[in-house]
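Here is the structure we will look at, set down as C-alpha cells.
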Amino acid sequence: MTDTSTSTDTVYAVTDPTTGTTLATFPTITDDELRAAIDTADRAHRERTSTVADRAALLHRVAELYRERRDELAATIVREMAKPIDQAVGEVDFCADIYDYYADHAEGFLADEPITLAPGSDGSAFIRKDSIGVVLGIMPWNFPAYQIARFAGPNLVIGNTVLLKHAPQCPESALAIERIFADAGFPEGAYTNVFATNDQIADVIADPRVQGVSLTGSARAGAAVAEIAGRNLTKVVLELGGSDPFILLSTDDLDAVVESAVATRLEGNGQVCNAAKRFLVADHLYDGFLSKFTEAMAAVGPTDPTTPGAELGPLSSPAAADRLEEQLTAAKEQGATVVTGGERSGNAFTPTVLTDVSPDNDAYREEFFGPVAAVYRVADEDDAIRLANDTPYGLGSYLFTTDADQALRVADRIEAGMVYVNLVGADSPELPFGGVKASGFGRELGPLGADEFVNKKLIRIG
C-alpha cells in the first residue's frame, strides 16, 4: 500500500436508478484509515477469546436485528438499485434465515472429524477446524444484503474477521449492515466496512495478514482479483456471471412452467446471476410455450419499484441500461428476432423475448443482465444438453420434466454448479451456491460455505 492520496476511480454514492441523479455521496477511505482497519481486524482475530457458542449467539442477534429493521433495510435496497419492494423485503428475511442457519449449525460444522486409520496403525487422528484470520469480501450491487450474509455469516461464526468492500452504489446498505454487527455485540474489528478504491483493494489482497478473498461480480473483476490473489498465495472464492439454461422436455402443466419461467427471468429486474436466461424447449412444446411465455412477459410492465406488488422496476443505473440497449441492438443486427418487448424508457425495459439467436450471434454466448429471455427449439434430450452446455458459463440450471429417470440423467450431464428440477426460486441457507467454468469456483451457503476459509488441521496421535 502506498502513501499517495486516494485514487478517484471509485465513487461511493446513492444514485437514483430511474433518473441517474446523485442523492448522496460518501468519502472513500484514506490509506491510513485502511491500514488501521486491517490492523484492527488482524488484532481482533489474534486476540479473540470467544467460543463457537459465543459467536453463534451474536449471529442469532444479528438475525433478530435484520428482522427488526427489515423495512428500513428493504427501503434502502430499493433506493440504491431499484429492486421491487416485495423482493427487497424477501431478501432481508432470507439474510436473517442465513444468519440463524449458521448459528444453529456452528457447533456441528466446526466439530472435530475423526479419521479411520489404515489397518495396523496405532493411535488416532482427526481433523480440527479453525479460523484462518482476516478475510476480504468484495460484493456486488444486485443483492445488497444477501451477498454479504452468505459470506459474513459462516466466516464470523468460524472466528475469521471480515473486511467488506461493498459495491460503490450501495453505501447506505453497507453502513446499515456494519451497524447491525456492531449493535449485535460483535467486537471492534470483527466486521469492518471499507469504502475502498480498486487500487486500495489490490493492496489489501496483497497484505500478508489477509488470508482469503471472496468476490461476487463479473468475470473481468474475478480474473483481476484472482490474479492478485495468486501472486500473493491468497485463497480466493469467485462467484461470477451466468447464462443459465431453462430446459423444458415434458410437462403436465404448461401454464405453471410458464409462470416459473417468467418469475425466474424477471426477478431482480432481470439482474440475477443465477436466473434462467436461455429457454430450451422440446420441439413438441415449443410453439405452445413461446406463445404463452410471450403473452405472460408482455403483460408485465416496468413500474415504481417502491409500490407493493411491483414485479419490474428500472435497471440499476443508466450505465446498466446503456449496456443492455447495446446488446439488444447488436443481437437484432446479427439476426435475432424480437418477439416482444425491447423498448427502453429511461432506464427501464419492457420484458423482452428473443428467438433466432444463432451461434454466430454475440448474444448466443453473452449474459443479458436485464429482462431479456432467449428461446430456443431443441429436438430432443441430447440436443438440449448440447445447447445448455454451449456457453462459457456454468452457474445454475433449471430442468422441467415429468420423467424422474430423465431428470437425474440430464442433471448429471449439465455443466453447472447447480441443477434445479421442476422448480425455480428455491435457494435456501442449507443449499450450496456456486458454479464452474467462467462462473467461478468455490461454494457459499450450506455446509460447504462454512468450509472454504477454514484451517482443516490434521492432528495425528501415536
Side-chain angles (χ1 to χ4, degrees), residues 219 239-251 254 256-258 260-267 270 272-290 293 297 327 331 336-337 339 352-369 371-427 431-441 443:
E239 193 269 281
L240 308 177
S243 188
D244 293 6
F246 182 111
I247 302 171
L248 173 57
L249 298 177
S250 61
T251 181
L254 185 58
V257 173
V258 168
S260 292
V262 173
T264 182
R265 185 67 289 250
L266 298 186
E267 181 189 2
V272 176
C273 296
N274 65 315
K277 300 180 177 75
R278 298 177 297 136
F279 296 79
L280 321 181
V281 184
D283 183 73
H284 70 286
L285 293 170
Y286 178 85
D287 291 335
F289 175 85
L290 180 61
F293 184 54
M297 289 280 277
Q327 287 180 291
T337 298
V339 182
T352 307
V353 176
L354 301 179
T355 58
D356 304 316
V357 180
S358 61
D360 58 354
N361 193 316
D362 290 341
Y364 185 84
R365 289 183 172 82
E366 288 181 333
E367 176 183 20
F368 280 88
F369 225 50
V372 179
V375 183
Y376 300 81
R377 185 193 300 267
V378 295
D380 52 25
E381 176 183 313
D382 288 338
D383 193 30
I385 293 167
R386 176 196 60 78
L387 185 54
N389 292 339
D390 191 14
T391 173
Y393 298 104
L395 188 54
S397 56
Y398 304 87
L399 169 63
F400 283 76
T401 176
T402 57
D403 184 334
D405 291 335
Q406 181 182 59
L408 292 180
R409 187 171 64 243
V410 172
D412 284 344
R413 297 175 64 190
I414 294 175
E415 297 169 354
M418 301 171 285
V419 181
Y420 288 89
V421 180
N422 293 330
L423 77 174
V424 301
D427 295 347
L431 301 179
F433 187 106
V436 297
K437 298 166 51 173
S439 292
F441 43 79
R443 293 293 181 269

* To do: Keeping the roles fixed (side chain from Asn422, backbone from Thr402), state whether a donor-acceptor pair exists under 3.5 Å.
  => no

* Verdict with supporting geometry, Val375 and Tyr286, side chain to side chain contact (heavy atoms under 4.5 Å, CB included) -> CA-CA 9 Å; Val375 183; Tyr286 178 85; 3.7 Å; yes

* List in chain and number order the residues that pass ring pair (Phe, Tyr, Trp, His ring centres under 6.0 Å) with Phe289, two or more places apart in sequence or in another chain; answer none if no residue qualifies. => Phe293

* Asked: Looking at CZ of Arg377 and CG of Leu285, how far apart are the two atoms once the value is rounded to the nearest 0.5 Å?
  -> 10.5 Å

* Asked: Atom CZ in Arg278, atom CG in Asp390: separation rounded to 0.5 Å?
  -> 7.5 Å

* Closest non-hydrogen atom pair, Leu354 against Ala331 -> CD1-CB, 4.4 Å

* Asked: How far apart are the closest heavy atoms of Gln327 and Phe368, and which atoms are they?
  -> CB-CE2, 3.5 Å

* **CZ on Phe279 to CG on Asp244, rounded to 0.5 Å** => 10.0 Å

* Structure fact -> With Lys277 as partner, the option from Glu267, Glu367, Glu366 fulfilling salt bridge (Lys or Arg N to Asp or Glu O under 4.0 Å) is Glu367

* Look at the side chain of Thr352 and the backbone N and O of Val372, then say whether any donor-acceptor pair between them is shorter than 3.5 Å. => no

* Structure fact -> Looking only at heavy atoms, the pair that brings Val421 and Ala407 closest together is CG1-CB, 3.8 Å

* Working for side chain to side chain contact (heavy atoms under 4.5 Å, CB included), residues Met297 and Leu266 -> CA-CA 9 Å; Met297 289 280 277; Leu266 298 186; 4.1 Å; yes

* With sequence neighbours excluded, what pairs up with Phe369 under the ring pair (Phe, Tyr, Trp, His ring centres under 6.0 Å) test? -> Trp141

* Find the distance between CZ (Arg386) and CG (Leu280) and round it off to the nearest 0.5 Å. => 9.5 Å

* Mind checking what makes ring pair (Phe, Tyr, Trp, His ring centres under 6.0 Å) contact with Tyr398, not counting sequence neighbours? -> Tyr420

* Going from CG on Leu399 to OG on Ser250, what distance comes out if it is rounded to the nearest 0.5 angstrom? -> 8.5 Å

* Would you call Leu249 and Asp403 a side-chain contact if the rule is heavy atoms closer than 4.5 Å? -> no

* So, Asp360 and Ser358: side-chain donor and acceptor under 3.5 Å apart, yes or no? -> yes

* To do: Kindly compute the distance separating CZ (Phe433) from CG (Leu395), expressed to the nearest 0.5 Å.
  => 5.0 Å

* Thr264 side-chain N/O to Ala276 backbone N/O, donor-acceptor pair under 3.5 Å -> yes

* Asked: Can you find a heavy atom in the side chain of Val281 that is under 4.5 Å from one in the side chain of Phe246?
  -> no

* Structure fact -> Across all chains, not counting sequence neighbours, the side-chain contact (heavy atoms from CB on, under 4.5 Å) partners of Ile414 are Ile247, Asn389, Ser397, Val410, Ala416, Val419

* **Asp380: side-chain contact (heavy atoms from CB on, under 4.5 Å) partners, not counting sequence neighbours** => Asp382, Asp383

* **With Ala263 via side-chain contact (heavy atoms from CB on, under 4.5 Å) - residues at least two apart** => none

* Asked: For the residue pair Cys273 and Glu239, what are the closest heavy atoms and their distance?
  -> CB-OE2, 3.8 Å

* Any sub-3.5 Å donor-acceptor pair from Arg265's side-chain atoms to Gly270's backbone N or O? -> yes

